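Right, one structure below, let's go through it.
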Amino acid sequence: MVIRTRFAPSPTGYLHLGSARTALFNYIFAKSQKGFFILRIEDTDKERSKEIFVEDIIESLKWLGINYDEGPIFQSERIEIYRKVIEELIEKEKAYRCFCTKEELEAKRQEQITRGEPPRYDGTCAKLTKEEVNTKLSQNVPYVIRLKVPKQILTFKDLLRGEVKYDLSLLGDFVIAKSEEEPLFHLATPVDDYYQGITHIIRGAEHIPNTPKQILIYKAMNWKLPIYAHLPLILGESGGKLSKRHGAKSIQEYRQEGYLPEAIVNFLVLLGWHPLGQKEVVSLEEIIKEFRLEDVEVRHSAFNPKKLIWLNRVYLRKKSPQEIEKLILNDPYLNDLRNYLEVYSAEDTYKIIELGKERANTIRDIFTTVKFFYQEIDYPKELLIWKDYTFEQIKNSLITIKNSLENIPEEKFNYEFLKTVLDSLNEDKGLTYWPLRVAVTGLEASPPPIDIILIFGKKKTIELIEKAIEKLK
RNA sequence: GGCCCUGUCGUCUAACGGAUAGGACACCGCUCUUUCAAGGCGGAAAUACGGGUUCGACUCCCGUCAGGGCCA
């Protein structure tokens with residue numbers, strides 16, 4: 001059997017971590033089985049569907065490296081297919097037109113509630129004769145289309161949870177379409193899944209209660225059922241399902257902040273699944289090789305942003321400065337960082353990136369940790385003080401450093417020589433390095449001073465030391 | 001409210017009837033070090049609760065409680 005999976009978002013919001021995880025697992029499973037992964041846009045809700053969200057979904061998937069083999073297929077372009085199914089269901093008397101008005105339905109519902117029954121449709125219009133229906137149609141009485149639901153227990157198999165039971169008598173004959181041209185979610189989804197040959201429906205656990213409704217369509221049409229696997233939900237830090245409402249950031253926001261797609265993919269896959277052994281940093285290739293859908297965890301998991309940051313650091317450190325430069329140049333979301341690439345020579349810029357990335361969480365962070373290379377520095381003179389030394393002692397140390405540096409010929413201005421010279425100046429090396437480091441960075445915490453001096457060069461370094469000495473006078 | 005799903009360190013997870021319940025993030029020490037980061041070493045930290053089943057339950061069953069989802 002050729003495996004076919006799909007990701008079927010409705011374009012009513014930006015793609016966030018929760019739905020990206022669903023897409024990812026569908027993709028990984030399909031690829032692990034040498035199957036196909038399909039993108040379907042469920043845009044039948046014309047009010048809430050927006051083109052901008054379609055673009056966002058497509059762009060986000062592309063960025064994450066979740067490539068679909070077919071699609072995007074738009075439901076809005078498939079109205080004829082749904083119409084045929086609806087007509088067939090009515091023809092076979094599996095579904096019927098319901099002419100009840102909102103007021104009538106509301107009255108019945110209130111009645112049922114007062115009787116302590118679950119509110120559901122009582123099937124009045126199912127009893128209408130063909131003649132009665134035709135009369136109402138000719139009078140243009142508005143209607144919806146309902147599916148006939150048998151009063152029995154439906155059991156379906158979820159690949160991760162085993163058998164799930166559902167009492168259909170609680171459901172009543174639910175609405176599957178507002179008209180022949182306006183299918184609802186519970187109709188359009190199974191129809192597409194069937195016609196698109198989807199073998200495995202992998203989606204969020206919030207769809208478990210929807211599953212019986214969709215299975216009923218399959219049964220009414222006499223179609224072979226797909227395999228269902230409902231993924232655990234990702235919960236926000238505050239508890240509820242991760243969603244726009246719970247302050248979930250979109251994938252593109254992470255991109256904008258300088259996260260790497262590898263880190264996000266690795267992070268998401270760890271929510272509910274884990275690679276063999278004790279390793280946690282895994283590439284998409286390894287994931288695809290080791291992935292087994294049955295091994296996916298069923299319990300919901302909370303989103304842990306600190307672990308995402310940690311993974312991002314891991315991947316950031318693996319990148320060479322040249323690769324980071326390329327990312328900045330090629331990603332419009334990081335466009336503004338280009339300015340940083342033009343200040344120093346390419347060689348020096350690579351060195352700066354190297355220093356910055358060791359301390360950065362994200363690509364964007366790189367330049368904030370080494371901002372002293374790019375902006376005028378200022379700091380309170382107290383920052384120059386190492387331990388309990390006096391201003392006088394620090395000033396003298398800086399003067400010694402300055403004189404030593406001035407005496408170093410240009411050709412010997414390299415790491416080893418500088419280290420030998422600076423190491424020899426004071427018994428307490430902190431008396432040398434701390435004030436020197438503050439003088440060139442203005443910061444409490446920064447990369448090591450010699451690395452910085454080498455990029456600034458002799459002249460600029462001496463200028464900065466002179467400024468520091470000036471402060472202490 | 002009804003129905004459904006789920007309960008292992010704070011968080012993500014391993015253990016799929018048989019070890020001192022393992023790892024990762026975060027946290028706290030120590031170490032390295034001029035600072036920060038990274039690294040190395042170490043620490044604290046969990047089977048929700050109550051009943052069964054079994055020679056033996058994290059693991060199977062029932063109940064309670066808790067969290068979450070869907071519908072209304």
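If you're wondering where the values come from, they're calculated on a predicted model, not measured in any experiment. Each chain gets a letter, A, B and so on, in the order the sequences are listed, and its residues count up from 1.
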- Check the distance between A38(B)'s P and Ile309(A)'s CD1 and give it to me in whole angstrom. 12 Å
- In whole angstroms, how far is the P atom of A37(B) from the CG atom of Asn312(A)? 18 Å
- Item | Mate of A19(B) where both pairing distances stay under 3.5 Å, Watson-Crick or G-U | none
- Which side chain to side chain donor-acceptor pair (under 3.5 Å) pairs, counting each pair once, include a residue from residues 296-306 of chain A, with sequence neighbours left out? none
- Task: With P as the reference atom in both, quote the distance from U13(B) to G56(B) in angstrom, rounded to an integer.
- Result: 32 Å
- Message: Measuring to OP1 and OP2 of U34(B), would you say a side-chain N or O of Trp434(A) lies under 4.0 angstrom away?
- Response: no
- Query: Is the CZ atom of Arg48(A) crowded by more than 12 outside heavy atoms at less than 6.0 Å?
  - Reply: no
- Side chains of Asp192(A) and Tyr82(A): donor-acceptor distance under 3.5 Å anywhere? yes
- Query: Between Leu271(A), Leu270(A), Val265(A), which is the residue that forms a side-chain contact (heavy atoms from CB on, under 4.5 Å) with Phe267(A)?
  - Reply: Leu271(A)
- Query: Toward the 5' end of RNA chain B, which comes first, Asn304(A) or Lys213(A), by nearest nucleotide?
  - Reply: Asn304(A)
- Message: My understanding is that a pair needs two contacts under 3.5 Å, Watson-Crick or G-U wobble. By that rule, which nucleotide pairs with A44(B)?
- Response: none
- Query: Could Lys318(A) and Tyr315(A) be counted as a cation-pi pair, given that NZ or CZ must be under 6.0 Å from the ring centre and within 45° of the axis?
  - Reply: yes
- Message: By nearest atom, which of the nucleotides C25(B), A38(B), U34(B) is closest to the Tyr433(A) side chain?
- Response: U34(B)
- Identify whether any heavy atom of Trp386(A) sits under 4.0 Å from a base atom; if not, whether one sits that close to sugar-phosphate; answer base, sugar-phosphate or nothing. sugar-phosphate
- Query: Do the side chain of Lys307(A) and the base of A24(B) come within less than 3.5 angstrom through a donor-acceptor pair of N or O atoms?
  - Reply: yes
- Under 4.0 Å between any heavy atoms, over every strand shown, what does Ser446(A) touch: base, sugar-phosphate, or nothing? Just pick one. base
- Measure the distance from CG on Leu316(A) to P on A37(B) and round it to the nearest whole Å. 16 Å
- Item | Whole angstrom value for the distance that separates P of C71(B) from OH of Tyr121(A) | 21 Å
- Query: Touch check for Arg313(A), heavy atoms < 4.0 angstrom, all strands: base, sugar-phosphate only, or nothing?
  - Reply: sugar-phosphate
- Query: Between Phe373(A) and Phe456(A), does a ring pair (Phe, Tyr, Trp, His ring centres under 6.0 Å) hold up when you go through it step by step?
  - Reply: CA-CA 8 Å; Phe373(A) 280 121; Phe456(A) 272 140; 5.1 Å; yes
- Task: Would you indicate what Glu358(A) reaches in the nucleic acid, counting non-hydrogen atoms under 4.0 angstrom: base, sugar-phosphate, or nothing?
- Result: sugar-phosphate
- Message: Let's test this: given Watson-Crick or G-U wobble pairing with both distances under 3.5 Å, identify the partner of C49(B).
- Response: G63(B)
- Of the listed nucleotides A72(B), C3(B), U13(B), the one nearest the side chain of Leu170(A): C3(B)
- Would you classify Pro449(A) as touching base, sugar-phosphate or nothing, given that sugar-phosphate means primed atoms plus P, OP1 and OP2, and contacts are heavy atoms under 4.0 Å? base
- Item | Atom-to-atom span, CD of Glu280(A) to C1' of G23(B) - whole angstrom | 7 Å
- Task: Could you check how far CG of Leu231(A) sits from P of U13(B), rounded to whole Å?
- Result: 12 Å
- Item | Base-pairing mate for G1(B) - Watson-Crick or G-U, with both contacts under 3.5 Å | C71(B)
- Salt-bridge test for Lys319(A) and Glu262(A): reply yes if a basic N is under 4.0 Å from a carboxylate O, no otherwise. yes
- Message: If you go through the side-chain atoms of Glu206(A), does one of them form a donor-acceptor pair with the base of G68(B) closer than 3.5 Å?
- Response: no
- Query: With rounding to whole Å, what would you report as the distance between C61(B) and U20(B) at their P atoms?
  - Reply: 25 Å
- Closest to side chain of Val298(A), choosing from U6(B), A37(B), C3(B): U6(B)
- Whole-Å distance separating the CZ atom of Arg21(A) from the C1' atom of C12(B): 12 Å
- Item | Sugar-phosphate, base or nothing in reach of Gly272(A), heavy atoms under 4.0 Å | sugar-phosphate
- Message: Only pairs with both distances under 3.5 Å count, Watson-Crick or wobble alike; so what is the partner of A26(B) in this structure?
- Response: none
- Message: Categorize Lys279(A) for me: base, sugar-phosphate, or nothing, with a 4.0 angstrom heavy-atom threshold over every strand shown.
- Response: nothing
- Message: Using only modelled atom types and a 3.5 angstrom limit, is any donor from either the side chain of Arg161(A) or the base of C5(B) paired with an acceptor on the other?
- Response: no
- Task: Describe the nucleic acid contact of Pro448(A) in one word from base, sugar-phosphate, nothing, applying a heavy-atom distance below 4.0 Å.
- Result: base
- Message: Using atom P in both nucleotides, what's the gap between G17(B) and G2(B) to the nearest angstrom?
- Response: 36 Å
- Under 4.0 Å between a side-chain N/O of Ser301(A) and OP1 or OP2 of U13(B), yes or no? yes
- Item | Under 4.0 angstrom between Arg299(A) side-chain N/O and U8(B) OP1 or OP2 | yes
- Roughly how far apart, to the nearest Å, are A46(B) and U33(B) at atom C1'? 36 Å
- Which base, if any, makes a Watson-Crick or G-U wobble pair with G56(B), both distances under 3.5 Å? none
- Task: Can you tell me the distance, in whole Å, between the CD atom of Glu297(A) and the P atom of G68(B)?
- Result: 18 Å
- Please state the P separation for the pair U64(B) and C3(B) - nearest whole angstrom. 12 Å
- Item | C1' gap between A38(B) and A45(B), integer Å | 25 Å
- Message: Tell me whether the rings of Phe156(A) and Tyr228(A) are parallel (<30°), tilted (30 to 60°) or perpendicular (>60°).
- Response: perpendicular
- When Pro209(A) and Asp428(A) are each assigned the nearest nucleotide of RNA chain B, the 5'-most assignment goes to Asp428(A)
- Message: What's the gap between C9(B) and A48(B) when it is taken at their C1' atoms, as a whole Å value?
- Response: 14 Å
- Item | Nearest-angstrom distance, C1' atom, C58(B) to U47(B) | 5 Å
- Say whether Lys108(A) and Thr124(A), considering side chains only, have a donor N or O and an acceptor N or O under 3.5 Å apart. yes
- Against the side chain of Ala302(A), the closest entry in C4(B), C25(B), U11(B) is U11(B)
- Residue matched to G39(B) through Watson-Crick or wobble contacts both under 3.5 angstrom: U31(B)
- U6(B) phosphate, OP1 or OP2: any side-chain N/O from His300(A) under 4.0 angstrom? no
